[in-house]
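Single-structure report; data block below.
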Amino acid sequence: MAITVELRATPFYPGAYVGPFSDAHPGLGGVCTFVGEVRGGDDVEALELTHYEPMTRPGMEQLATSAVERFGLMGLLMVHRTGIMHPGEPIVLVSACAMHRRGAIDAVDFCMDHLKAKSWFWKREKRKGRWHWIEPRAADHEDIARWQ
Amino acid sequence: MAITVELRATPFYPGAYVGPFSDAHPGLGGVCTFVGEVRGGDDVEALELTHYEPMTRPGMEQLATSAVERFGLMGLLMVHRTGIMHPGEPIVLVSACAMHRRGAIDAVDFCMDHLKAKSWFWKREKRKGRWHWIEPRAADHEDIARWQ
Amino acid sequence: MVRLVFLGRLAGLAGRVEHEVAAPLDWHGLLALCDGPLAEEIANDRVKLALDGELLADKTALAAPAGAEIALLPPVSGG
Amino acid sequence: MVRLVFLGRLAGLAGRVEHEVAAPLDWHGLLALCDGPLAEEIANDRVKLALDGELLADKTALAAPAGAEIALLPPVSGG
């Protein structure tokens with residue numbers, strides 16, 4: 001069982017992570033992967049994610065551990081961008097492998113809900129040349145409530 | 001919006017599908033991908049999947065169309081192996097892209113439940129040199145009932 | 001001719017995957033062509049028939065003309 | 001010295017991301033160091049404090065010794 005959590009300030013190619021992650025768990029039944037990208041088409045020119053290393057990383061590691069235990073995973077990989085990103089660039093990658101598909105799929109869903117609503121990231125978007133901070137949404141709390 | 005359904009009799013590398021599929025949908029918010037492999041470690045030496053082309057392919061296309069409509073997807077990719085496979089080889093790949101993560105994740109979950117329980121595939125496993133046909137499981141019906 | 005296609009474990013019981021038989025073919029004709037254990041399986045409610053790729057709601061209403069393909073479909077395997 | 005780290009929109013209000021101030025520092029000392037709008041934000045229940053990476057259950061009980069780092073954490077952004 002392996003947990004990998006990575007915060008990185010530069011662009012990444014999801015396939016470069018998922019292939020080796022999957023290969024590192026021979027015998028697995030299924031791998032589920034989610035990649036979130038900076039959406040295009042809604043006036044967003046750029047997105048900036050700020051984190052606070054002494055809390056963001058331990059928070060992600062704790063989330064990963066609880067997902068592995070809860071869903072009986074063989075391995076879990078989380079990669080999260082920080083810094084300035086543009087439409088089309090991956091922001092987050094979560095990949096879970098397990099003996100059975102339900103555990104892998106649910107773990108990805110669980111991790112994404114918690115990363116989005118509970119992780120120590122602050123986000124601002126640049127629209128028409130101006131930066132705007134993003135506030136929490138009511139839906140974030142509903143997302144988290146699904147797992148309680 | 002693009003639907004791709006592929007039945008193939010030879011091994012495949014998931015990354016070779018997912019990269020181009022994702023790149024083909026600029027502006028997307030998220031991509032969820034599930035890859036199911038022949039599990040190792042439970043005495044299975046080989047797995048054989050038989051299909052019936054005149055029904056298996058239209059059934060998968062219909063499933064893909066209903067998932068795209070139900071979850072508002074930008075694109076859906078389904079690749080399914082047929083023939084004889086060995087532990088570690090991918091059997092099935094489902095990848096969905098959408099503006100929002102929940103649609104992409106739920107679509108993959110929905111497609112996998114239906115592919116497993118409702119698609120026209122017959123499966124047998126080789127254990128200790130002998131082939132055994134696999135029967136439906138009670139859990140398949142429960143999986144499907146989640147979506148009704 | 002009518003082509004029979006045996007899927008899953010029915011192929012094992014039939015001893016072949018495909019079989020060409022004289023047209024036309026109806027339900028009783030189909031049962032008559034099959035050996036005891038295979039006929040018994042085919043008569044079981046869990047086994048479905050498809051004519052030219054279309055599932056038959058009532059398999060005993062089978063009426064396959066020359067050139068048709070009948071698929072004999074046991075329950076699909078689980079996940 | 002005590003290092004203050006301003007996260008998210010607090011960095012904009014503070015006009016900087018980090019700031020070194022004299023040690024020790026408690027809650028009232030922190031508020032006294034901040035301009036009106038920033039002090040108001042920090043006093044808001046939605047803003048949390050962490051001392052050396054540990055979230056404070058009661059931020060008004062802040063007691064930062066020399067060498068400590070205080071993070072000022074507005075609500076995290078949604079998904």
Side-chain angles (χ1 to χ4, degrees), chain A residues 13-23 25-44 47 74 86-113 115-117 137 139-140 142-143 146, chain B residues 13-23 25-44 47 74 86-113 115-117 137 139-140 142-143 146:
Chain A
Y13 179 65
Y17 283 92
V18 177
F21 171 70
S22 180
D23 290 347
H25 296 89
L28 65 83
V31 193
C32 186
T33 303
F34 178 82
V35 177
E37 298 187 358
V38 182
R39 250 191 298 281
D42 47 359
D43 287 342
V44 174
L47 180 74
M74 296 171 73
H86 298 92
E89 282 183 44
I91 306 168
V92 58
L93 161 69
V94 175
S95 194
C97 61
M99 290 304 281
H100 300 279
R101 75 178 184 281
R102 182 60 43 76
I105 295 172
D106 285 353
V108 166
D109 201 9
F110 174 88
C111 288
M112 283 305 307
D113 278 352
L115 278 173
K116 289 283 189 173
R137 307 171 311 149
D140 296 330
E142 292 159 25
D143 289 345
R146 300 165 67 216
Chain B
Y13 178 65
Y17 282 93
V18 177
F21 170 69
S22 180
D23 291 345
H25 296 89
L28 65 83
V31 193
C32 186
T33 304
F34 178 82
V35 176
E37 299 187 357
V38 183
R39 251 192 298 281
D42 47 359
D43 287 343
V44 175
L47 181 73
M74 296 172 72
H86 297 93
E89 283 183 42
I91 305 168
V92 58
L93 162 69
V94 176
S95 194
C97 60
M99 290 304 281
H100 299 279
R101 74 178 185 282
R102 182 61 42 75
I105 295 172
D106 285 353
V108 166
D109 201 8
F110 173 88
C111 288
M112 284 305 307
D113 278 353
L115 278 172
K116 288 284 189 172
R137 308 171 311 150
D140 296 330
E142 292 159 25
D143 289 345
R146 299 165 68 216

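Order of the sequence lines fixes the chain letters, A, B, ..., with proteins taken first and strands second; residue numbering starts at 1 for each chain.
Taking 4.5 Å as the limit, some side-chain heavy atom of B:Met112 sits within range of a side-chain heavy atom of B:Val92. The shortest side-chain heavy-atom distance between A:Glu37 and B:Leu28 falls under the 4.5 Å cut-off.
Applying the side chain to side chain donor-acceptor pair (under 3.5 Å) test to A:Asp113 and every residue at least two apart in sequence or in another chain returns A:Arg146, A:Trp147, B:Arg101, B:Arg102. Residues forming a salt bridge (Lys or Arg N to Asp or Glu O under 4.0 Å) with A:Glu142 (at least two apart in sequence, or on another chain): none.
With a 4.5 angstrom heavy-atom cutoff, A:Val31 touches chain B via backbone and side-chain atoms both. Using a 4.5 Å cut-off between heavy atoms, B:Val38 touches chain A through its backbone atoms (N, CA, C, O) alone. A:Ser22 touches chain B through its side chain: at least one heavy atom from C-beta onward sits under 4.5 Å away, while N, CA, C and O do not.
Taking chain A as the reference chain and counting heavy-atom pairs below 4.5 Å, the highest number among B:Ile91, B:Asp143, B:Val94 is found for B:Asp143. Among A:Gly36, A:Gly29, A:Pro87, A:Gly40, the residue making the largest number of heavy-atom pairs under 4.5 Å with chain B is A:Gly29.
The OG1 atom of A:Thr33 sits 6.5 Å away from atom CG of A:Leu93, with the distance rounded to the nearest 0.5 Å.
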